[in-house]
Amino acid sequence: MPVFLHDTMSRETRPLLLRPDGKVFGMYCCGPTVYGPAHIGNFRTFILQDVLRRALETDGLPVRHVRNITDVDDKTILGSVKAGQPLAEFTRGWTEKYHRDCDALGLLRPHVEPSAVAHIPQQVEMIRSLVDRGHAYAAADGSVYFKVCTCPDYGKLSRIDATKLRSQSTNSAGEANVADEYDRESIRDFALWKAWSPEDGANRWPSPWGDGRPGWHIECSAMSLAHLGATFDLHGGGVDLCFPHHENEIAQSECATGVKGFAGHWFHSAHLMVEGDKMSKSKGNLYTLDELVEKGFTPTEVRYALIAGHYRTPLNFTFSGLENARSALGKLERFADRLLQAAGFTRKEFAPPEVRETAATWGRFAPAWEALCQDLNVPGCLGQVFAVAGSKDELTPELARQDVCGLARILWTLGLTLFQERKADEVPAAVAELGARRWAAKQAKDFAAADRLRQELTALGWTMVDRKDGYDLKKA
RNA sequence: GGCGCGGUAGCCAAGUGGUAAGGCCGGGCUCUGCAAAAGCCCCAUGCGUCGGUUCGAUUCCGACCCGCGCCUCCA
């Protein structure tokens with residue numbers, strides 16, 4: 001069953017298939033700007049794209065996933081100047097941090113992760129082509145702008161009326177749009193190349209129009225062309241990128257190459273809210289992975305919480321949602337253990353992709369997979385998984401073996417890893433000693449003493465959990 | 001103003017023209033010296049409001065109300 005996905009351009013839900021001439025499914029995703037740690041809102045989008053890619057691979061499609069690193073723009077340059085570091089050094093640090101977070105969250109590395117700085121020649125080349133074809137013009141200061149009026153179908157993705165943009169002199173907050181004081185011929189036009197200015201410091205690259213740096217939008221056009229060609233299968237990003245970024249990409253790419261049909265499918269994921277509010281720096285609710293890990297949540301729990309809502313609906317991220325994810329994951333683990341035991345497998349044998357590749361059965365998880373195929377319905381998929389978990393079917397070894405395979409494939413597709421070691425709390429010597437004494441008292445059936453020791457532990461903020469063969473000490 | 005999304009139980013969240021998946025929380029039971037955990041059971045006559053179509057609508061159509069996003073750097 002092919003994966004069906006809603007397409008922003010056509011507003012239709014269409015199957016994702018290999019093109020007749022296609023050997024791989026080309027997928028381009030707008031990546032992070034590496035000027036600080038990515039926040040969980042960024043990661044919601046990246047994780048959703050990761051789930052889509054995994055679903056395609058589970059479906060058997062060969063995918064070529066390209067996700068760029070934006071390492072030259074206003075924010076990275078400003079950040080490097082403030083940090084007193086060369087741009088490359090500054091962005092390398094944040095890129096490495098981003099990679100560590102991605103790995104922790106179980107994101108498959110893209111097949112290609114192009115850097116914008118490393119593609120400046122390609123960007124210059126594309127701008128030159130646009131100027132040659134009359135779609136762009138150089139301003140007096142050496143900046144180059146895209147001439148929107150030369151692109152009649154500009155606005156087709158977001159269905160905005162480009163002619164109305166011309167007259168918009170104020171933004172939604174009632175402030176004047178001052179971005180184009182002088183150079184642009186029209187307010188719709190956007191920068192392809194920005195002439196060097198003193199605040200750019202040492203960050204300047206040569207071009208036929210003088211030293212400067214690329215505009216933000218052109219990098220994705222140049223990098224997708226370089227790594228996927230003039231047309232490819234799917235382009236993804238957060239909803240906020242729909243306009244103007246993606247609209248501009250379409251205009252630049254189609255006008256520069258002369259080939260229509262830039263991306264076959266547009267995949268936009270809704271934004272993340274935090275505790276009912278829009279995420280923003282000023283509200284102080286921009287969480288990073290580190291902050292959540294600091295509070296005791298695992299990256300897998302964060303991932304679960306971030307995919308628990310449908311991708312086209314804004315998701316309200318809350319700590320209770322994170323707790324919810326933890327409980328649900330625990331339930332999943334216990335269920336998986338029961339399946340494994342019934343099938344005669346160990347936890348090690350549960351590890352995909354081995355299970356995924358050696359057998360192509362879904363067991364009772366076919367409905368879960370079908371939900372995923374219907375516009376990447378992760379909540380629906382999860383519901384189906386738990387429906388199986390709560391089923392009263394008799395668990396024969398044969399059924400259990402199929403289920404193990406099915407569950408492993410579903411969880412791999414969702415990118416959820418079970419049975420990860422949770423770091424045990426550091427037990428102070430005094431607490432360990434109390435625990436040992438209580439266990440001894442309990443073994444000796446001196447329950448009065450055992451209860452007293454439990455109280456002492458509680459007073460110190462620790463809980464003692466008894467098992468048949470021993471005990472665990474946990475922070476309360 | 002333009003473009004777009006959504007309103008389903010205490011919270012989160014699927015879904016369907018034939019009477020509401022699932023998760024969390026909560027309640028009950030079982031088990032365990034206690035505690036915790038776990039297992040089992042229960043938990044919306046109701047799907048923003050009002051009309052319409054229909055044998056039948058939460059699901060289709062219309063109007064309205066409310067919340068939100070983008071239109072400006074933003075995943």
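Just so it is clear, the structure is predicted and the values come from calculations on it, not from any experiment. Computed from heavy atoms alone, side chains included, the values below leave out hydrogens, waters and symmetry copies. Chain identifiers are assigned alphabetically (A, B, ...) following the order of the sequence lines, protein sequences preceding nucleic acid strands; residue numbering begins at 1 within each chain.
- Atoms CG (A:Asp240) and C1' (B:rC5) sit 14 Å apart, rounded to a whole Å.
- As a whole-Å value, the separation of A:Arg312 CZ from B:rA14 C1' is 14 Å.
- Helical stems involving RNA chain B, defined as 3 or more consecutive Watson-Crick or G-U pairs under 3.5 Å, span B:1-7 with B:65-71, B:10-12 with B:22-24, B:26-30 with B:38-42, B:48-52 with B:60-64.
- Across B:rU54 and B:rU59, the matching P atoms stand 16 Å from one another, rounded to whole Å.
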Whether each nucleotide of nucleotides 20-25 of chain B has a protein heavy atom under 4.0 Å at its base (B), only at its sugar-phosphate (S) or at neither (-) is summarised, 5' to 3', as -BSBS-

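- In this structure, A:Asp73 reaches neither bases nor backbone, as no heavy-atom distance under 4.0 Å exists between it and the strands shown.
- Between A:Ile410 and A:Trp362, some side-chain heavy-atom pair lies under the 4.5 Å cut-off.
- Counting non-hydrogen atoms under 4.0 angstrom, A:Ser158 reaches the backbone sugars and phosphates but no base.
- Heavy-atom contacts from other residues, nucleotides or ligands closer than 6.0 Å to CD of A:Glu333 number more than 12.
- Candidate nucleotides B:rC34, B:rA36, B:rC73 were compared by shortest atom distance to the side chain of A:Lys442, and B:rC34 ranks first.
- In this structure, A:His39 reaches the bases: a heavy-atom distance under 4.0 Å links it to at least one base atom across the strands shown.
- B:rU58 and B:rU49 have their P atoms separated by 10 Å, with the value rounded to a whole Å.
- Among the atoms of the strands shown, only primed sugar atoms or phosphate atoms (P, OP1, OP2) are found under 4.0 Å from some heavy atom of A:Arg338.
- At a threshold of 4.5 Å between non-hydrogen side-chain atoms, the residues A:Glu456 and A:Leu453 count as touching.
- Candidate nucleotides B:rG33, B:rC68, B:rC34 were compared by shortest atom distance to the side chain of A:Phe447, and B:rG33 ranks first.
- No hydrogens or angles considered: nothing links the side chains of A:Asp290 and A:Thr288 as a donor-acceptor pair under 3.5 Å.
- To the nearest angstrom, C1' of B:rA75 lies 6 Å from CG of A:Leu241.
- At least one side-chain heavy atom of A:Pro428 sits less than 4.5 Å from a side-chain heavy atom of A:Trp462.
- The nearest heavy atom of RNA chain B to A:Asn42 and to A:Lys392 marks one nucleotide each, and the one closer to the 5' end goes with A:Lys392.
- Salt bridge A:Arg438/A:Asp466: present, at least one basic N to carboxylate O contact under 4.0 Å.
- Checking A:Thr91 against A:Thr76 by side-chain atom types alone, no donor-acceptor pair falls below 3.5 Å.
- Base engagement by A:Leu272 is indicated by at least one non-hydrogen atom pair under 4.0 Å involving a base atom.
- Looking at residues two or more places apart in sequence or on another chain, you find no ring pair (Phe, Tyr, Trp, His ring centres under 6.0 Å) involving A:Phe317.
- Among the nucleotides B:rC34, B:rG33, B:rA75, the one closest to any side-chain atom of A:Ala450 is B:rG33.
- To the nearest angstrom, C1' of B:rA75 lies 12 Å from NE2 of A:His235.
- In this structure, A:His246 and A:Trp266 have tilted ring planes: the angle between them lies in the 30° to 60° band.
- Atom NE2 of A:His217 and atom C1' of B:rA75 are 15 Å apart (whole Å).
- The base of B:rG33 sits within donor-acceptor range of the side chain of A:Asp451, with an N or O pair under 3.5 Å.
- B:rA57 sits 11 Å from B:rG52 when the P atoms are compared, rounded to a whole Å.
- B:rG26 sits 46 Å from B:rG1 when the P atoms are compared, rounded to a whole Å.
- The side chain of A:Arg11 places an N or O atom within less than 4.0 Å of a non-bridging phosphate oxygen (OP1 or OP2) of B:rG4.
- Whole-Å rounding puts the A:Met9 CE to B:rG4 P distance at 14 Å.
- Close to B:rA35, at under 4.0 Å from its OP1 or OP2, lies no side-chain N or O of A:Arg438.
- Looking at heavy-atom distances under 4.0 Å, A:Gly321 makes no contact with the nucleic acid at all.
- Comparing B:rA14, B:rA35, B:rG33 against the side chain of A:Arg454 picks out B:rA35 as the nearest.
- For the pair A:Phe243 CZ and B:rC5 C1', the interatomic distance rounds to 18 Å; values are reported in whole Å.
- Applying the 5.5 angstrom centroid cut-off and the 30 degree plane-angle cut-off, the aromatic ring of A:His271 is stacked upon the base of B:rA75.
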Please evaluate residues A:His227 and A:His119 with respect to the criterion ring pair (Phe, Tyr, Trp, His ring centres under 6.0 Å), reporting the C-alpha separation (whole Å), side-chain torsions for both, the decisive distance (0.1 Å), and the verdict.
CA-CA 11 Å; A:His227 298 284; A:His119 288 74; 5.0 Å; yes

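- Atom CD of A:Glu394 has 12 or fewer neighbouring heavy atoms from other residues, nucleotides or ligands inside a 6.0 Å radius.
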